[in-house]
Amino acid sequence: MPAKAQEKQKLIDKEGKRIDGRNPDELRPIKIEVGVLSNADGSAYIEQGKCKILAGVYGPRETHPKHLALPDRALLQCRYHMAPFSVEERKSPAPSRREIELSKVIREALEPAVFLEYYPRTSIDLFIEVLQADGGTRGAAITMASLALADAGIPMKDLVVACAAGKVEGKLVLDLSDAEDKLGEADLPVAYMPTIDAVTLLQMDGNLTLEEFEQTVNMALNGCKQIYKIQKEALKAKYVALKEVAEE
Ligand code: CDP
């Protein structure tokens, strides 16, 4: 959409509804599938609104390059990559600064959940491919990647679930879409381990008052708790499907 047309676009209508018809505290529709790649040790796929993201986990396996191996724990390596066709304007397939940063923040959000000390000198390799992006890809990627790790049988303290909240035209909103992220006043992604009640990622882009900040963090955590239920169902669904195949 041309920048001028976007500037005029109203993001919240008179009834308080957002451009995609959602209420301020409503998540986008979420669909998650676990175990979608047979060549990977673990995998998952998520659709969150228009975002479509896939992940494959390989390992624990021999570390490449070898000198990166850690004597006391596994090395978690993460690559977040956006397909050239994932956004409206063609994205170069080469890793951008943003993708290098997101690979790091996603790894750091997942690391506290994984018992890395069980697999010294090995590497756990996580590849995240964004097939279609529409805002909030880091959150959706974290939610889905923690399921791919669990699917690989890697012991974890909890699943990590992530979601953003922010401010758009003066209103606090949950799970921002791309237009809300770009044209809104603030975006605050949070990653969280619900059982342990621990936050593993907290970032903020834009401006909020202290009171708004607290409300936005709580809104994002509430979103995480809702997504956590969908996450657990997706993991269970894989084993129900396997049981049904075994019984046939
Ligand atoms: O995706 P997330 O919100 O975690 O990260 P961001 O850097 O805040 O990017 C917000 C959105 O901008 C992405 O989800 C994409 O929809 C969009 N984007 C884009 O259109 N072109 C790019 N080269 C990178 C991002």
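Numbering of ligands and ligand atoms starts at 1, following listing order. When reading the values below, keep in mind they use all heavy atoms of this one structure, side chains included, and skip hydrogens, waters and symmetry mates.
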Exercise for review: Verify the ring-centre separation between Y58 and F127: is it less than 6.0 angstrom?
Suggested key: yes
Review point. Can a salt bridge be assigned to the pair E180 and R22 using a cut-off of 4.0 Å between side-chain N and carboxylate O?
Key: yes
Study note, to complete from the structure: Heavy-atom contacts under 4.0 Å to ligand 1, chain-then-number order, include exactly M82, V87, K91, R98, A133, D134, G135, G136, T137, R138, D178, D181, K182
Check your understanding: Any ion pair linking E26 and R18 (charged N to carboxylate O, less than 4.0 Å)?
Key -> no
Review point. Could K238 and D151 be called an ion pair, given the rule that one side-chain N must be under 4.0 Å from one carboxylate O?
Key: yes
Check your understanding: Cluster question for you: counting only ILVMFWY and a side-chain heavy-atom cut-off of under 4.5 Å, with indirect links fine, are L27 and Y45 together?
Key -> no
Check your understanding: Thinking salt bridges, do E101 and R97 make one under a 4.0 Å N-O criterion?
Key -> no
